[in-house]
Trainee: 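The structure under discussion is supplied below as structure tokens; questions concerning it will follow.
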2 protein chains.
Amino acid sequence: MARTPRNTLSPELIVRTALELMEAKGADAFSLRGVAAELGVGPMALYTYFRSKDDLYDAVRNHLMALLPAVPSNAPWPDQVRAVCRSLRLLMLQHPCLAQLLASRPLSGHETARVAEGLLGVLRNAGFDPETAARTHTTLFTYVLGATSWEIQMAAERRDPEAWRRLRMTMESLSAREFPTVVELAPELARTTGGDEQFDYGLDLLLAGLQVRTPS
Amino acid sequence: MARTPRNTLSPELIVRTALELMEAKGADAFSLRGVAAELGVGPMALYTYFRSKDDLYDAVRNHLMALLPAVPSNAPWPDQVRAVCRSLRLLMLQHPCLAQLLASRPLSGHETARVAEGLLGVLRNAGFDPETAARTHTTLFTYVLGATSWEIQMAAERRDPEAWRRLRMTMESLSAREFPTVVELAPELARTTGGDEQFDYGLDLLLAGLQVRTPS
DNA sequence: CACCGTACTATACACTGTACGTTATGGATG
DNA sequence: CATCCATAACGTACAGTGTATAGTACGGTG
């Protein structure tokens with residue numbers, strides 16, 4: 001009687017299932033018991049392959065980062081930088097849980113290094129010295145992380161009717177005497193909480209500032 | 001026998017206690033039962049003043065945002081922008097839980113509007129049109145949020161010996177053949193994970209890009 | 001003094017991650 | 001083929017979590 005079949009699990013299968021659950025219910029509502037149930041297995045079975053929940057988190061993040069395309073070669077370096085930043089944003093939008101995975105855990109893993117290698121290589125080839133290249137890399141990365149996390153957050157807010165109603169309420173309850181500019185610019189502020197245009201606006205600001213100090 | 005004394009609690013007292021606990025144990029490890037115990041009260045007593053844990057989160061965030069200083073008047077607008085961004089970063093560094101509070105909950109509340117009013121006013125007075133002012137505000141805010149959250153995260157990592165050791169391990173295990181630039185720039189990357197200089201570098205990039213399209 | 005809104009308590013439920021000990025199975029070995 | 005053992009998966013248990021629900025006793029008001 002095959003009461004406890006073996007070798008039904010594998011790290012890849014667990015990661016895939018975890019990713020599906022995270023995308024369905026959000027990285028917060030995700031639980032080990034949930035993925036174990038989905039696999040038709042007890043919660044403790046996962047500990048054969050991952051030492052902790054955070055360990056599984058890291059594996060999922062690495063799995064997602066592997067989906068990032070390579071940097072396009074034979075293009076001006078500002079276009080290359082734009083491409084790297086845009087593809088990271090797109091990946092985060094396609095997999096909203098990635099934002100939380102990137103923000104809540106330290107960077108580590110093979111695939112993350114690959115991404116850093118691509119961007120750093122572009123900057124070094126453009127002629128930036130090591131320190132400036134590193135500073136620029138960190139600046140670009142944190143900008144993409146912050147802007148896209150914010151965008152995802154606001155989009156999620158807009159989908160939740162209760163939260164969206166409360167947001168409108170508090171917006172409208174603001175005194176036009178106390179906060180004239182906020183009230184005046186409310187439509188523009190609502191329009192600039194996300195989208196390609198908003199992301200590219202900030203990215204272009206950074207690139208424009210960067211081109212001022214271009215070495216060559 | 002005063003078995004159940006009344007009026008021992010207040011929203012302000014609860015918020016202050018919650019803030020202390022968050023700063024001591026981090027916003028993640030924070031719990032309603034913890035703050036209730038600290039106040040010598042049952043967990044459910046808090047629900048008299050706050051409808052949920054998230055409600056208390058919002059109150060704590062509002063409490064912290066109230067600590068932000070006003071925008072300095074009579075200064076060139078780039079200096080004003082710098083001042084606003086720097087003071088938000090400083091507040092986040094002084095109260096690391098603020099980063100998580102800002103990232104995990106939608107913006108709302110009186111004090112948050114005050115901050116937006118300050119920055120938006122500066123940009124409008126500088127002559128930017130409504131759309132550009134709104135876009136710039138969002139860009140600056142998300143940059144500060146992303147850069148400072150990252151800085152806090154890395155600093156916390158560095159304090160945790162176990163995590164720090166693992167990070168060094170994975171760094172050193174990277175193949176110099178596969179990731180030449182990452183390995184070459186490892187010292188610079190480690191140096192640019194935070195600090196005033198790194199923050200100002202990105203902020204100045206944004207301001208430089210912004211000055212290119214200054215209206216006046 | 002009687003009353004009632006309310007500040008607080010007690011209990012309970014459905015969860016969570018994971019430490020510990022047990023069982024049974026598939027592949028390697030004699 | 002028979003045996004053995006490392007290990008994959010199990011079950012149980014514990015210390016937590018947020019919060020729904022119901023009950024209790026106090027302080028100000030009639």
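Residue numbering restarts at 1 for every chain, and letters A, B, ... go by the order of the sequence lines.
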Trainee: Once you round it to whole Å, what is the distance between C1' of C:dG17 and OH of A:Tyr57?
Mentor: 11 Å

Trainee: Looking at residues 32-41 of chain B, who's got a heavy atom less than 4.0 Å off DNA chain C?
Mentor: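 Going residue by residue through residues 32-41 of chain B, the ones with a heavy atom under 4.0 Å of DNA chain C turn out to be B:Arg33, B:Val41.
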
Trainee: Rounded to the nearest Å, what distance is computed from the OH atom of residue A:Tyr47 to the P atom of nucleotide C:dT18?
Mentor: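 Those two atoms, OH and P, are 3 Å apart.
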
Trainee: Is the shortest side-chain heavy-atom distance between A:Glu178 and A:Val183 below 4.5 Å?
Mentor: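 Not touching, per the 4.5 Å side-chain cut-off.
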
Trainee: Once you apply a heavy-atom cut-off of 4.0 Å, does B:Phe50 come out as touching a base, just sugar-phosphate, or nothing?
Mentor: nothing

Trainee: Using whole Å, what does the distance between atom P of nucleotide D:dG18 and atom CG of B:Leu46 come to?
Mentor: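 Taking CG of B:Leu46 and P of D:dG18, I get 10 Å after rounding.
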
Trainee: Looking at residues at least two apart in the chain, or sitting in another chain, which of them share a side chain to side chain contact (heavy atoms under 4.5 Å, CB included) with B:Pro11?
Mentor: B:Tyr49, B:Phe50

Trainee: Nearest whole angstrom, please: distance from the P of D:dG18 to the CG of A:Asp28.
Mentor: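 Rounded to the whole Å, the gap is 14 Å.
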
Trainee: Could you verify whether a donor N or O on one side chain and an acceptor N or O on the other, from A:Gln198 and B:Thr139, lie under 3.5 Å apart?
Mentor: yes

Trainee: Does B:Ser31 put a side-chain nitrogen or oxygen below 4.0 Å from OP1 or OP2 of D:dT17?
Mentor: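 True: B:Ser31 side-chain N/O within range (under 4.0 Å) of D:dT17 OP1/OP2.
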
Trainee: I want to check one thing: is the phosphate of C:dT6, taken as OP1 and OP2, less than 4.0 Å away from some side-chain N or O of B:Thr48?
Mentor: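 It does not, given that no N or O in the side chain of B:Thr48 lies less than 4.0 Å from OP1 or OP2 of C:dT6.
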
Trainee: Please check if any side-chain donor atom of B:Thr132 sits under 3.5 Å from a side-chain acceptor atom of A:Tyr201, or the reverse.
Mentor: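 Per modelled atom types, B:Thr132 and A:Tyr201 side chains form no pair under 3.5 Å.
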
Trainee: Establish, from distance only, whether the side-chain atoms of A:Ser52 and A:Tyr57 form a donor-acceptor pair under 3.5 Å.
Mentor: no

Trainee: Under 4.0 Å between any heavy atoms, over every strand shown, what does B:Ala45 touch: base, sugar-phosphate, or nothing? Just pick one.
Mentor: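 Touches a base.
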
Trainee: Does a side-chain N-to-carboxylate-O contact under 4.0 Å join A:Asp200 and A:Arg82?
Mentor: no

Trainee: Is any side-chain nitrogen or oxygen of A:Tyr49 closer than 4.0 Å to OP1 or OP2 of D:dA9?
Mentor: yes

Trainee: Using atom CE of B:Met44 as one end and atom P of C:dA10 as the other, report the distance to the nearest whole Å.
Mentor: 13 Å

